[in-house]
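Quick note: residue numbers are just sequence positions, from 1.
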Amino acid sequence: MNTLARAGEDEWRLPQHAYVVVYDERETELLTIYDCGAAQKPPSARVLGNLVRVKADHELENTVTGYVVRMREESILEKQDDDHWIIVAE
């Protein structure tokens with residue numbers, strides 16, 4: 001499932017208020033991406049892989065099963081390889 005807008009090959013746009021919920025209780029993390037945490041909508045995307053870096057304005061909240069990245073600016077989710085993702089400012 002991925003309804004995020006493409007920004008290029010292996011790149012997708014994240015809106016300013018996107019939430020990335022990272023479940024890291026396993027070897028390969030599960031990233032669940034929401035357009036906005038307050039919108040009460042289903043996730044826009046789910047991907048397997050490790051989020052290795054966030055180079056955009058954001059807040060982090062630790063949870064029992066991982067963490068939540070709350071984006072504060074429009075950004076790009078980039079696939080680095082089969083198992084690694086980064087988020088960079090647009």
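Contact between Trp12 and Leu4 at its shortest, heavy atoms only, is CD1-O, 3.7 Å. Considering every non-hydrogen atom in both Gly8 and Arg6, the closest pair reads O-NH1, 3.2 Å. Closest non-hydrogen pair, Ala56 versus Met71, comes out as CB-CE, 3.7 Å.
Applying the salt bridge (Lys or Arg N to Asp or Glu O under 4.0 Å) test to every pair with at least one member in residues 30-40, sequence neighbours left out, gives these pairs: Asp35-Lys41.
In this structure, Leu77 is a member of the same hydrophobic cluster as Tyr67, with clusters built from ILVMFWY side-chain heavy atoms closer than 4.5 Å. Put simply, Leu60 and Val54 are part of the same group of oily side chains (I, L, V, M, F, W, Y) that touch within less than 4.5 Å, one to the next.
A search for side chain to side chain donor-acceptor pair (under 3.5 Å) contacts involving His17 returns nothing, not counting sequence neighbours. Checked against side chain to side chain donor-acceptor pair (under 3.5 Å), Arg72 has the following partners two or more places apart in sequence or in another chain: Glu59. Residues passing the side chain to side chain contact (heavy atoms under 4.5 Å, CB included) test with Gln16, sequence neighbours excluded: Glu74. With sequence neighbours left out, Val88 forms a side chain to side chain contact (heavy atoms under 4.5 Å, CB included) with Lys55, Ile76, Glu78, Ile86. Checked against side chain to side chain donor-acceptor pair (under 3.5 Å), Asn62 has no partners two or more places apart in sequence or in another chain. A search for side chain to side chain contact (heavy atoms under 4.5 Å, CB included) contacts involving Asp81 returns Asp83, His84, not counting sequence neighbours. Residues forming a side chain to side chain donor-acceptor pair (under 3.5 Å) with Glu61 (at least two apart in sequence, or on another chain): Arg70.
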May I have the list of side-chain donor-acceptor pairs in residues 21-34 shorter than 3.5 Å, sequence neighbours left out?
| residue | atom | partner | partner atom | Å |
| --- | --- | --- | --- | --- |
| Arg26 | NE | Thr28 | O | 3.0 |
| Glu29 | OE1 | Leu51 | N | 2.9 |

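Contact annotation: the side chain of Val68 approaches that of Tyr19 to within less than 4.5 Å [non-hydrogen atoms, C-beta and beyond].
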Residues Asn50, Trp85; criterion side-chain contact (heavy atoms from CB on, under 4.5 Å); working and verdict: CA-CA 6 Å; Asn50 298 307; Trp85 298 84; over 6 Å; no
